[in-house]
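A short worksheet on the structure shown next.
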Amino acid sequence: MPPPRTRGTALRHRLAELRGPEVPAKALDARALAALAANPGCRRRAVLDGAGVDKSALAGALGAPSAFGQSQFALTRGNAFEAKVKADGGAELLRLVHEKLDRSAEPPARAQVPDLSAAGPEGRAARTALALREAAGAPGRWTLLDHPMLALDVAGSPAFLEPDAVVTHPDGSWTVVEIKSFPMLDGSADPSKVGAAARQAAVYVLALEQVAARLSPPPRVRHRILLVCPKDFSNLPTASAVDIRKQRAVTARQLSRLTRIEEIADALPEGTCFDPELPAAELTAAVEAVPATYAPECLSACELAFHCRDRSRAAGAVTSLGRSVRAELGGLTTVEDVLAAAHGTAGDPADPAVAALRRAARLRAEALGAREAAPCP
């Protein structure tokens, strides 16, 4: 008689059924986890990422292929810039860490750069954990970990993550380094891109904290990360310290809520499957069975954004206009409801959103009337 399946085993079996029994799972990475934290209300993304569904293949099968991701030119440019930053044993990178984050420490004249190569992600994660343990046990020196591999427990399964670099300071603390190819003009960069980098770094910080928790005493994982970018329009590196405490808290809360995947999966109709090889009609029905929370920001973070945008527009959902607009409209969830409230045919006049819409409609009518009444020049 086979042993009873545990809750975790049953969940993995259910997620495999959703993905397709013969379809390999796509591993979660830091970008996917950061995107989950940026849109915590989207059940569709939560269950698809939790099941390891290839959303790019799914979007193509639905007839809404994704343009999400970096171009080959951007990847090549980014790799070349990262190589420049890490040249000479990471001398320039360590100088920036010292200048922006730890001026009280001794300048990093020479740093340890351990070899982190190993077989497979599990082996690399174990080798990284060993290197971090050795660095924590030898205070007073700088250590640069180039592309370490970190394992983060996500809903009972390990997600393997690869930050650009982790630096251990002479006091034993650890800092995450993010190297990006977008420019920093006059000391500041595009806020949306900085925000995305901060959310991604927050995932790495959480993974580092899990490593630190296994050491005694646990080293301090710094919540100010170093963001390295090209200076102005050159290829010279410059850097900024970014406080990611808010992003870390949001990401941790969202990841703790990923246990809801079991509830979402159990609520789906029997036989639901997201295998891209299924007929388009069956696949569309499966995707539509999971509620989505679309916002324009999804276009830069999710492969299914075009499909969800089309459905959101067809339903007249106000979320397609942006989260800030949705927040201002309270209980009015569709464009039809908003127009009816503005024209006085629906809605409670005591509702602040309805009152504001009606006032805006009156002002618009007065402005248009005044323009039509004005004589032609």
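Computed from a prediction, not measured in an experiment: that's the story for all the values here.
Screening residues 353-365 for side chain to side chain donor-acceptor pair (under 3.5 Å), with sequence neighbours left out, gives no hits.
Every residue was checked against the salt bridge (charged side-chain N to carboxylate O under 4.0 Å, His left out) condition with Arg309, not counting sequence neighbours, and none meets it.
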Worksheet item: Under the side-chain hydrogen bond (donor to acceptor under 3.5 Å, both in side chains) criterion, do Thr334 and Asp337 qualify, and how do the steps go?
Response: CA-CA 5 Å; Thr334 67; Asp337 292 340; 3.1 Å; yes
Worksheet item: Could you walk me through whether Ser192 and Asp190 pass the side-chain hydrogen bond (donor to acceptor under 3.5 Å, both in side chains) check?
Response: CA-CA 6 Å; Ser192 64; Asp190 184 335; 2.8 Å; yes
Practice prompt. Go through Arg313 and Ser320 one step at a time and tell me if the side-chain hydrogen bond (donor to acceptor under 3.5 Å, both in side chains) criterion holds.
Written response: CA-CA 6 Å; Arg313 287 177 173 175; Ser320 62; 5.5 Å; no
Item to complete: Would you check, one step at a time, whether the test side-chain hydrogen bond (donor to acceptor under 3.5 Å, both in side chains) holds for Glu288 with His307?
Response: CA-CA 10 Å; Glu288 294 304 311; His307 173 82; 2.9 Å; yes
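Taking 4.0 Å as the cut-off between side-chain N and carboxylate O, Lys180 and Glu178 count as a salt-bridged pair. A salt bridge links Glu162 to Arg124: at least one charged side-chain nitrogen sits closer than 4.0 Å to a carboxylate oxygen. In summary, Glu209 and Arg214 do not engage in a salt bridge, as defined by a charged side-chain N under 4.0 Å from a carboxylate O. Using a 4.0 Å cut-off between a side-chain N of Lys or Arg and a carboxylate O of Asp or Glu, Arg19 and Asp275 do not qualify as a salt bridge. Using a 4.0 Å cut-off between a side-chain N of Lys or Arg and a carboxylate O of Asp or Glu, Asp29 and Arg31 do not qualify as a salt bridge. Asp102 has no carboxylate O lying under 4.0 Å from a charged side-chain N of Arg224, or vice versa, which leaves the two without a salt bridge.
Contact check for Arg133 versus Leu215: side-chain heavy atoms found under the 4.5 Å cut-off. When side chains are defined from C-beta on, Leu150 counts as touching Pro163, because their heavy atoms get closer than 4.5 Å. Within the 4.5 Å cutoff, the side chain of Val47 has heavy atoms near those of the Leu18 side chain.
Closest approach of Pro114 to Arg127, counting heavy atoms only: CB-NH2, 4.4 Å. The shortest heavy-atom contact between Gly172 and Pro219 is O-CB, 3.5 Å. When every heavy atom of Cys302 is checked against every heavy atom of Arg45, the shortest pair comes out as CB-NH1, 3.2 Å. The heavy-atom pair separating Phe274 from Leu58 by the smallest distance is O-CD1, 3.9 Å. Closest of all the heavy-atom pairs between Phe306 and Pro65 is CD1-O, 3.2 Å. Of all heavy-atom pairs between Ala30 and Leu161, the closest is N-CD2, 3.5 Å.
Within a 6.0 Å sphere centred on CD of Glu328, other residues, nucleotides and ligands contribute 12 heavy atoms or fewer. Within 6.0 Å of CG on Asp186 lie no more than 12 heavy atoms contributed by other residues, nucleotides or ligands. Heavy-atom contacts from other residues, nucleotides or ligands closer than 6.0 Å to CD of Glu277 number 12 or fewer. Annotation for Glu336: atom CD does not count as buried by contact number, only 12 or fewer foreign heavy atoms lying within 6.0 Å.
Atoms CG and OG, from Asp171 and Ser104 in turn, are 7.5 Å apart once rounded to the nearest 0.5 Å. The structure places OG1 of Thr143 at 10.5 Å from NE2 of His169, a figure rounded to the nearest 0.5 Å.
Val205 pairs in a side-chain contact (heavy atoms from CB on, under 4.5 Å) with only one of the listed residues (Val221, Thr175, Val166), which is Val221.
Clustering of Ile, Leu, Val, Met, Phe, Trp and Tyr by side-chain heavy atoms under 4.5 Å joins Val113 with Phe81, Val85, Leu93, Leu94, Leu96, Val97, Leu101, Trp142, Leu144, Val167, Val177, Ile179, Leu226, Val228.
No donor-acceptor pair under 3.5 Å is formed between the side chain of Asp232 and the backbone N or O of Ser234.
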